[in-house]
4 protein chains.
Amino acid sequence: MTPSTPEQASSIREKRRRELLDAAQELFAAKGYEKTNVSDIAARAGVSQGTIYWYFKSKDELLVAVFEDWLAQLAQDYVAIVGQPGTTEDRLRRYARAAARRMQEAEVLIPIETEFWTLIFRNDAIRERFGELFRQFRADIADLFRQGMTSGELRSDINPDHLATIAIAVYDGLVLQWAAEPQAVDWYAITETFVDVMLNGGRER
Amino acid sequence: MTPSTPEQASSIREKRRRELLDAAQELFAAKGYEKTNVSDIAARAGVSQGTIYWYFKSKDELLVAVFEDWLAQLAQDYVAIVGQPGTTEDRLRRYARAAARRMQEAEVLIPIETEFWTLIFRNDAIRERFGELFRQFRADIADLFRQGMTSGELRSDINPDHLATIAIAVYDGLVLQWAAEPQAVDWYAITETFVDVMLNGGRER
Amino acid sequence: MTPSTPEQASSIREKRRRELLDAAQELFAAKGYEKTNVSDIAARAGVSQGTIYWYFKSKDELLVAVFEDWLAQLAQDYVAIVGQPGTTEDRLRRYARAAARRMQEAEVLIPIETEFWTLIFRNDAIRERFGELFRQFRADIADLFRQGMTSGELRSDINPDHLATIAIAVYDGLVLQWAAEPQAVDWYAITETFVDVMLNGGRER
Amino acid sequence: MTPSTPEQASSIREKRRRELLDAAQELFAAKGYEKTNVSDIAARAGVSQGTIYWYFKSKDELLVAVFEDWLAQLAQDYVAIVGQPGTTEDRLRRYARAAARRMQEAEVLIPIETEFWTLIFRNDAIRERFGELFRQFRADIADLFRQGMTSGELRSDINPDHLATIAIAVYDGLVLQWAAEPQAVDWYAITETFVDVMLNGGRER
DNA sequence: TATGAATGAGGCTTCATTCAT
DNA sequence: AATGAATGAAGCCTCATTCAT
């Protein structure tokens, strides 16, 4: 059975597409979208420039594809974590630690995150998808808090949506500080402090 | 009466420089650095393309100038607030509310913030300055917390640097969520929740 | 039952070739040679891009094939008409009316005629073939006039070659005016006027 | 007075524009629009490629400008001739001879005429302008015939518009035959035959 | 025969920067 | 100081053609 069967051909296509996606992601992260040129991507993926256009209609569409790809990974990561059983406190800690771990492991990808954030203001399609991601994510975490309130674990006089918004914001904001001064951000230590304060408050009593 | 005296000439120069800076800031915010071209800036400032090079050595230098300009405003805003007298709690609330107000008032400038963040990864000078800003800012806020610990207002078993890092991160992170879905971020309400939880904790007791 | 016999294979080949030729002709007429790309032709003929090269050595050769095909039709049309028996006047009228009819019926093909005319200047092979066509055509019509002169129907002090050249020129020239303003060219009415004047002259007497 | 005054600056601009127009016209005539590349035009005009875009928004717009320029010359040529005083016969002869002379003198420009004809089918703006030209031209010549009919010089049972259409068509059609076989078209001799037959008819009497 | 993938040359255009005036 | 013109280096993309299956 030669590799000319439809399935194999298509799997080759998938593979090539992924190579291009990976090459693009790395370069976008390393140099930014504007500074990355199509020929660089082609070179890194080991194909000719024209080949890219066999897989993506334009450089822009390639960017969107990278973005979608990245979103997919991201969503998968967190949703799985937040959805696990346990007390709210446990799950909150797990979420926070997973976020910390992800940041540390995927530091090379952080530049591409800020790249996408910038795109949020320039590209309606991307804003839409990003908004959707945040919405879903916020809903999941708010849900976690609501369960804690129902079970009596958490104060019920706090707006769980606001809480979720804050919990998400912290990690995005940390990214920036890390970017400006990596050694100033110890993901794990800050995570512990954050969870502690979120639960117990900073006030002396 | 031509502006031939040195002072006049220099004040005209200042004025023109500011016009160019403003034009550039607006366009960078609106379209991003890469998509903004020198001729656009010239047109918006009402001068010819060549004139820009009488005031700035290059487009890059113009960007850095806009950045410095923006940083100056920013620092002024916050430092003043955090430096005022009062209990730690008061000052924390004030800081948080000032941040909320600033966000709301300067929403049109937010895109330029993400633009700068992206630049953190591409431009060493900007990373350096940004790092400095964060460092100073973190130091000021951590100091605020330390005073609260000394005075017995706050628990003293928490790392004040981590706390400061988190406090700053929240607002940067909120910017992103606002970007993706403006109506989801009510700056003031979230601010109140944030301060409440930071002080009292979310745990039922 | 697969088409494995030589005849069948070859007739399939013929059929496929014709499909490609038709697709190409339509597209060349609609968009022009340069703007038509090989993949468009393939798509319209329902085959893959590579297949075209199984039937034609290059895009250029495909153009020449379309041209030859078109010439063949054209020559067939006219030669038949001019060669029919009758008085010179009858045959002249018949030629003129046939030309008028052809124009009206084949208006969609007119763009491809101008396309070919342009190619006269760029492509030696096409100029050669075109010259041959005109030469033959002119000879046939001049002959018609000569017969009229011999028989006393026409004045014999006129150069029959010039006359033939003019008679042909009129229809080609009309094509252009039709192109620019279709409603201004009533093929049949103009034809009658043309034949009338050619025979009787416009001078009052 | 240095050449920096507005008038001179603008006349320099005019001059440069004309150089570009001429270079483009020559190349379009020689190689056709599609085969001519912007860098060739720049080279022939002795400027850099980018300079062209200081004068024309795109290659397409340059083509249209060449076309307009050519139309202007053309209209000027003929309108002057047809508008002169004299009998209809005189003026008809003059028109025909002027057309013949123009063809002979401007043979290098003929390819660009067919180039434009092709464009008639592809470009609405050009079709519009071309239609306008033909309309005006036809009207002028038809008018000439009408005057001849009024004065009793010409038969009044012929449609002068058709006659005008034919008179114009002949020269456009001759261009094609000339293109295919230059030596077969003797502009002056054919012109005399054409006028003779148009006036006196070809019928023996 | 037929196909889809791949190639690579080259075209149009943009744009930061420089220059002559 | 200021300007409009000019430059030239890329960059994205198209497309005829070839290749592996």
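Quick note on labels: first sequence line is chain A, next is B, and so on, each numbered from 1.
Residues satisfying the side-chain hydrogen bond (donor to acceptor under 3.5 Å, both in side chains) criterion with D:R16, sequence neighbours excluded, are D:E19.
The CZ atom of A:R13 sits 16 Å away from the C1' atom of F:dT21 (whole-angstrom rounding). Taking atom CG of residue A:L27 and atom P of nucleotide F:dG11, one finds them 13 Å apart after rounding to whole Å. Rounding to whole angstrom units, CD of residue C:E34 and C1' of E:dC12 are separated by 15 Å. Taking atom NZ of residue C:K35 and atom P of nucleotide F:dC15, one finds them 10 Å apart after rounding to whole Å. Regarding D:E14, its CD atom lies at a distance of 15 Å from the C1' atom of F:dG4, rounded to whole Å. Spacing between atom CD1 of A:I52 and atom P of E:dA5 amounts to 16 Å, rounded to whole angstrom units. Atom pair A:R16:CZ and F:dT21:P shows a separation of 12 Å (rounding to whole Å applied). Rounding to whole angstrom units, CG of residue D:D40 and C1' of E:dC12 are separated by 13 Å.
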I would like to know whether D:E14 and D:R17 meet salt bridge (Lys or Arg N to Asp or Glu O under 4.0 Å); could you show each step before the answer?
CA-CA 5 Å; D:E14 295 282 300; D:R17 192 187 142 90; 6.0 Å; no
Can D:L27 and D:K35 be said to form a side chain to side chain contact (heavy atoms under 4.5 Å, CB included), step by step?
CA-CA 9 Å; D:L27 288 168; D:K35 287 269 172 61; over 6 Å; no
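Comparing B:T36 and A:V47, the nucleotide of DNA chain E nearest to each residue sits closer to the 5' end for A:V47. The residue among B:G50 and D:G46 whose nearest nucleotide of DNA chain F lies closer to the 5′ end is B:G50.
Judged by distance alone with a 3.5 Å cut-off, no donor-acceptor contact links the side chain of A:Q49 to the base of F:dC12.
Comparing E:dG4, E:dA5, F:dT7 by their closest approach to the side chain of C:S48 singles out E:dG4. Each of E:dA6, F:dG11, E:dC15 was ranked by its minimum atom distance to the side chain of A:N37; first place goes to F:dG11.
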Secondary-structure string, 5' to 3', Watson-Crick or G-U under 3.5 Å, | for another-strand partners, for DNA chain F:
.||||||||||||||||||||
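The closest donor-acceptor contact from the side chain of D:R44 to the backbone of D:E26 lies at 3.5 Å or more, if one exists at all. Formation of a donor-acceptor pair under 3.5 Å by the A:T118 side chain with backbone atoms of B:T114 is found in this model.
Of the N and O atoms on the side chains of C:S58 and C:D60, not one donor lies less than 3.5 Å from an acceptor on the other residue.
No salt bridge links A:K59 with A:E34; every basic N to acidic carboxylate O contact stays at or beyond 4.0 Å.
Both the sub-6.0 Å distance and the 45° axial angle are satisfied by A:R13 relative to the ring of A:Y55.
Against DNA chain E, the stretch residues 53-64 of chain B makes heavy-atom approaches under 4.0 Å through B:Y53, B:S58, B:K59.
Scanning both residues, D:P111 and D:A29, for their nearest heavy atoms gives CB-O, 3.2 Å.
Within the nucleic acid shown, A:R17 has no heavy atom closer than 4.0 Å to any nucleic acid atom.
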